[in-house]
Amino acid sequence: MTKLFSHVEMAPRDPILGLNEQFAADTRNNKVNLGVGVYSDDNGQIPVLKAVQEAEKQLAAERKPYAYLPIDGLKTYNEAAQKLLLGEKSPARQAKRAITVEALGGTGALKVGADFLRIAKPNSTVYISDPSWANHRGIFERSGFKVETYPYYDPETHGIKFDALKAFLNNLQADSIVVLHACCHNPTGVDLSKEQWQEIAQIVKDKQLVPFLDIAYQGFGEGLDQDNTAVKIFDEAGLDALISSSFSKSFSFYGQRVGALTVLTDSRETAQKVLSQIKIVIRSNYSNPPIFGAAIVAKVLNTPELYQMWEEELAQMRDRIKKMRNELVEGIKKVGAQQNFDYVKEQRGMFSFSGLTPEQVNKLINDYGIYAVKSGRICVAALNSSNIDYVAQSIAAVLKD
Ligand code: LMR
């Protein structure tokens, strides 16, 4: 027996997906998984959307062969994903200054974008929000970048350190890459206002920064056409930008891995050059993307009746999350907790930054079988009428200890 790999160290579990492994091994009946960002309905099930089922039927009837897709993915999907992201009136879209490629979920889009930036801006440093989605750091570091943080969340006010954020961005070197959460900030659920986005876009322009907008939750905040406000502001300001987007959440499509990378550039010619480099990145990573999930999304987005059906189902998911936010806050109040959690009602998207410490989160996991991310992030989209009282009581209990 040879021992080529015996020196390999055991890596820590992923801070988010690792919780799924722990949760699966937990034998308690009343366990609740508020770790990973997955929406489940009031019965605790991940929904299979009706619009998706209908698109599946239509695709089955068409019986097209499963040929290789082009390197940049399914054309009808790329076009529809771009239109949804940038809106009908997008200046970049109209001038064909934007390109969109299919990617393996939002994570895949970030990775392709990061590898492309390593070609286009090899000496830049990447700045992510403090705090940010844990995988942002991993993705950009793996692509060879140094990763630092910029000020964002203020635990005192449960808002944003906006002045500190602006001052920080104003001091960055030109070409610094700034990763911004375009809506439903992960993990805090606290977003910039429209006016604040306008100020940030101006700084990005003045300081020649490279914006990378990550939008994995379009439709989970206020609506499809409101949640891309930041994207539209950057587009209308004539800024170059990378944008990673995802249908994992909005289509309840987690395992299908359907996302997109869009790049806004200064001209049609630059856009084609950028696309040619991105195709090299994709080809040398996984050749070309899968067909099935993208075909379903394209069918829904390009068929008016299915689009409407999807939009309604998305609105139901969004409204249910808001209801759960309210019920959680009221539930914690009802059992007599001293702390005021009203700010949770104002946060947007799937997540809430509860303010629980790592020790309190550990207690929730060990004593109550309620799984949350160490940072105190809880997925409010996994609450339902059967588990909400238990979760509210358990949170109140660990706060008292
Ligand atoms: C999350 O933050 O829980 C989701 O984006 C899922 C993931 O890949 O981490």
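In listed order, ligands and their atoms are each counted from 1. When reading the values below, keep in mind they use all heavy atoms of this one structure, side chains included, and skip hydrogens, waters and symmetry mates. Treat the numbers as computed from the prediction; the structure is a model and nothing was measured. Quick note: residue numbers are just sequence positions, from 1.
- Checking Glu62 against Gln58 by side-chain atom types alone, no donor-acceptor pair falls below 3.5 Å.
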What donor-acceptor contacts under 3.5 angstrom involve side-chain atoms of residues 260-284, with partners at least two apart or in another chain?
{"from": "Thr262", "atom 1": "OG1", "to": "Thr100", "atom 2": "OG1", "distance (Å)": "2.9"}
{"from": "Thr265", "atom 1": "OG1", "to": "Arg97", "atom 2": "O", "distance (Å)": "2.8"}
{"from": "Thr265", "atom 1": "OG1", "to": "Ser267", "atom 2": "O", "distance (Å)": "3.0"}
{"from": "Thr265", "atom 1": "OG1", "to": "Ala271", "atom 2": "N", "distance (Å)": "3.4"}
{"from": "Asp266", "atom 1": "OD1", "to": "Thr270", "atom 2": "OG1", "distance (Å)": "2.7"}
{"from": "Ser267", "atom 1": "OG", "to": "Glu269", "atom 2": "N", "distance (Å)": "3.4"}
{"from": "Ser267", "atom 1": "OG", "to": "Thr270", "atom 2": "N", "distance (Å)": "3.0"}
{"from": "Ser267", "atom 1": "OG", "to": "Thr270", "atom 2": "OG1", "distance (Å)": "2.9"}
{"from": "Ser276", "atom 1": "OG", "to": "Lys273", "atom 2": "O", "distance (Å)": "2.5"}
{"from": "Arg283", "atom 1": "NH1", "to": "Ser287", "atom 2": "OG", "distance (Å)": "2.4"}
{"from": "Ser284", "atom 1": "OG", "to": "Ile280", "atom 2": "O", "distance (Å)": "2.8"}
{"from": "Ser284", "atom 1": "OG", "to": "Val281", "atom 2": "O", "distance (Å)": "3.2"}

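- For residues 108-129, the pairs satisfying ring pair (Phe, Tyr, Trp, His ring centres under 6.0 Å) are Tyr127-Phe168, with sequence neighbours left out.
- There is no side-chain donor-acceptor pair under 3.5 Å between Arg348 and Tyr217.
- When only modelled atom types and interatomic distance are considered, Asn33 and Asn20 share a side-chain donor-acceptor pair under 3.5 Å.
- When the ring-ring contact (aromatic ring centres under 6.0 Å, His included) test is applied to Tyr254, no partner is found at least two apart in sequence or on another chain.
- When heavy-atom distances to ligand 1 are checked against 4.0 Å, the residues falling inside are Ile16, Val36, Gly37, Trp133, Asn186, Tyr217, Lys249, Phe351, Arg377, ordered by chain and number.
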